Amino acid sequence: MLPDFRLRQREYLLEISRAMSARLDLSSLLELTLKSAVELMAGQAGLITLRQDDGKMTPWASIGLPVQAVPLFEPLWQGFEQDSGDAAPADISLRLALASRAAGVQMRQVVALPMEIGKESIGLIFIFRTRGAAFSPNDRQVLSAFADQAAVAVHNARLYQQVSAERERLNAIIENSGDGVMILNPYRIIQTWNNALTNMTGITAENAIGRPCYEILNLQTKQGVSVCHTACPLINPPGDGRLYAEGQHHRADGIAITLADNYSPQVNDAGQATQFVANVRDMTRLREAEELKQTLLSVISHELKTPVSIIKGYAGTLAREDANWDKETLADGLQVIEEEADRLDRLITNLLEASRLQAGGLKLKLSLLSLEDMVRASVEKLQATTTKHRFLVSFAPNFPPIQGDHERLREVITNLLGNAIKYSPDGGTITVTGQLGPHNTVRLSVQDEGIGIPPSDQEKIFDRFHRVDNRLARQQPGTGLGLFLVKAVVEAHNGKVWVESSPGKGSTFWVELPAGTSN
Ligand code: ADP
């Protein structure tokens, strides 16, 4: 049988180890240690000091002492420092008497021991008595068991702190990375989701973590086939071992972005992947730029080549010395050449304007203009090119002059009238009106009886290179740049442009511009 005292000591120490494995915070653990030691050693108060990084001791936990009294006991641990740490200073009783008096408490006896991890002294543990006999060597022995426990608690806490600091550092790196980073477990469930990913997708970490990545990102091809379900590299790794997936992600706000995921697996000793770190990049701009380049190349090769070969063909034929062309044939031939040269000219102007726009925006040369005069001049020119179409122009009598860039607005009118002709291949009436709009604006409309525009294309036709993809529209040559320029020019004038159209019946393009002031 263990004596009662030993039994209690063992129970106390056991309780402290249990508390330690329950991961109580360091201060609570040290207080528990002190409480047990004080009780077991029939003391009334206790104190633990810890050595800081700069080597100085600081009180860390206390029991049975008023909070404000604790710092006044400093001479006690200073005595230890001067005596190089291990043994209690010879005059510790005197120091205690002075400190007690200064603090207004009645501590008469003290026992103190260093707390050590290996050879390193990390702090001190003090137990005080207000009355009774001095502490015996046996008491010191009891205290040393508690000092060891406290040292282990401090050691654990420091290790834990180091690990947490390291983890925080890693988290900070992941969180603040400019690229999207997510970490997946082997079942493709998201474990980590950083800020950049939230910014890219609009999905918060809270909503992403714990869910499968194929649900949250759900990459798709342009045709709407799920990349995640048909070609996930984590499920079917490709031969070259490169774990890469790219596809479109449809954000909740309706915007589609192109994302590229690069996965790197973390593998355990058995060669199994324990997790995947995925780097996610927003490739939207890059892919758009590539597409634009492709379109530009095909536009240039198709649209520039056609008029050039027509001009070359006609010029060659007309120049043949063995043929004796009559006047009419010559005139017809030359007219085709002129028309094709005009087409080339418009095309090149549009291309140049589009690249200028991209390079540095539009600079307007403003002057006071009569839109009606400009429309009538364009109509006259275009009417000469067609017999199938009939132009009707009607402007409100009080239609005011506007402030605008003459050259640019002429391009707007030419593009709209040119389209009205081009996209009504069976002819018809083209009505141009000018009227007052709301809030001191004017409105110009160009209405045709042509092929019309499907509703799904009505906004997109103002995008660069966008052409309606159906047989009727594709029968006409074009680059998809005209309306893009129209929109840019009108918006640069603080105006807006839109279309109303029914396929098969015709289209009306509207341009609204601020009415000019005459001063
Ligand atoms: P382009 O005529 O060179 O193709 P635009 O930017 O002027 O380029 O027009 C873009 C697309 O809008 C055209 O390809 C055509 O499909 C459609 N579109 C423009 N104007 C009309 C119109 N008046 N009627 C029907 N479709 C039109």
Side-chain angles (χ1 to χ4, degrees), residues 342 346 349-350 353 357 361-424 427-453 455 458-459 461-462 481-503 505-519:
D342 277 347
R346 271 205 305 278
T349 312
N350 278 355
E353 286 287 309
L357 250 184
L362 264 182
K363 292 199 181 63
L364 300 179
K365 283 192 216 126
L366 293 181
S367 62
L368 212 57
L369 308 171
S370 160
L371 271 186
E372 182 171 1
D373 289 352
M374 292 169 66
V375 166
R376 288 189 189 280
S378 284
V379 163
E380 200 179 318
K381 240 183 121 183
L382 287 169
Q383 183 71 80
T385 65
T386 168
T387 49
K388 282 197 276 185
H389 301 87
R390 192 167 68 99
F391 279 96
L392 279 182
V393 178
S394 109
F395 269 72
N398 57 348
F399 194 91
I402 64 147
Q403 281 279 353
D405 183 316
H406 186 273
E407 196 44 40
R408 293 263 157 64
L409 287 176
R410 200 173 54 95
E411 280 161 20
V412 167
I413 295 168
T414 318
N415 269 314
L416 292 179
L417 298 184
N419 281 350
I421 297 177
K422 199 159 75 171
Y423 296 107
S424 38
T429 305
I430 296 169
T431 311
V432 189
T433 70
Q435 51 199 283
L436 294 184
H439 313 299
N440 203 27
T441 57
V442 295
R443 278 183 177 176
L444 186 73
S445 71
V446 178
Q447 183 182 16
D448 63 48
E449 299 173 336
I451 60 172
I453 301 161
Q458 290 179 8
E459 255 183 58
I461 52 172
F462 295 98
L481 280 174
L483 289 179
F484 167 70
L485 293 170
V486 165
K487 185 168 185 232
V489 170
V490 170
E491 285 180 353
H493 283 81
N494 295 323
K496 51 187 184 186
V497 54
W498 68 99
V499 67
E500 288 161 2
S501 180
S502 335
K505 295 210 177 102
S507 314
T508 307
F509 281 84
W510 290 92
V511 170
E512 186 179 281
L513 292 167
T517 44
S518 44
N519 47 28

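Source: prediction; values computed, not measured.
Looking at heavy atoms from C-beta onward, Phe391 lies in side-chain contact with Leu417 at the 4.5 angstrom threshold. Contact of the Ile461 side chain with the Val499 side chain is registered, since non-hydrogen atoms from C-beta on lie closer than 4.5 Å. Side-chain atoms of Ile430 and Leu392, non-hydrogen and from C-beta on, never get closer than 4.5 Å to each other. Side-chain contact between Ser502 and Pro455: absent, with no pair of heavy atoms (C-beta onward) separated by less than 4.5 Å. Here the side chains of Leu436 and Pro400 are in contact, with some heavy-atom distance below 4.5 Å. Leu369 places a side-chain heavy atom less than 4.5 Å from the side chain of Met374. Inter-residue side-chain proximity for Leu483 and Asn419 is flagged as met; some heavy-atom pair is nearer than 4.5 Å. Side chains of Ser507 and Gln447 form no contact here, defined as non-hydrogen atoms less than 4.5 Å apart.
Between the side chain of Asp405 and the main chain of Lys365, a donor-acceptor pair closer than 3.5 Å is present. Remark: the backbone N or O of Ile453 is paired with a side-chain donor or acceptor of Gln458 at under 3.5 angstrom. Judged by distance alone, the side chain of His493 and the main-chain N or O of Ala488 form no donor-acceptor pair under 3.5 Å. In terms of modelled atom types and a separation under 3.5 Å, the side chain of Thr441 and the main chain of Pro438 share a donor-acceptor contact. Counting only distance, with no hydrogens or angles, the side chain of His389 and the backbone of Lys422 share no donor-acceptor pair below 3.5 Å.
Open room surrounds CD on Glu459; 12 or fewer heavy atoms of other groups in view lie less than 6.0 Å from it.
Relative ring orientation between Trp498 and Trp510 is described as parallel, the plane-to-plane angle staying below 30° on a 0-90° scale split at 30° and 60°.
Side chain to side chain, Ser445 and Thr433 meet the donor-acceptor criterion of an N or O pair below 3.5 Å.
Nearest heavy-atom pair across Val442 and Ala515 is CG1-CB, 4.1 Å.
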(request) Given salt bridge (charged side-chain N to carboxylate O under 4.0 Å, His left out), test Arg376 with Glu380 step by step and report yes or no. (result) CA-CA 6 Å; Arg376 288 189 189 280; Glu380 200 179 318; over 6 Å; no
(request) Before giving the answer on side-chain contact (heavy atoms from CB on, under 4.5 Å), spell out for Gln403 and Ser367 the whole-Å C-alpha distance, their side-chain angles and the decisive distance to 0.1 Å. (result) CA-CA 5 Å; Gln403 281 279 353; Ser367 62; 5.7 Å; no
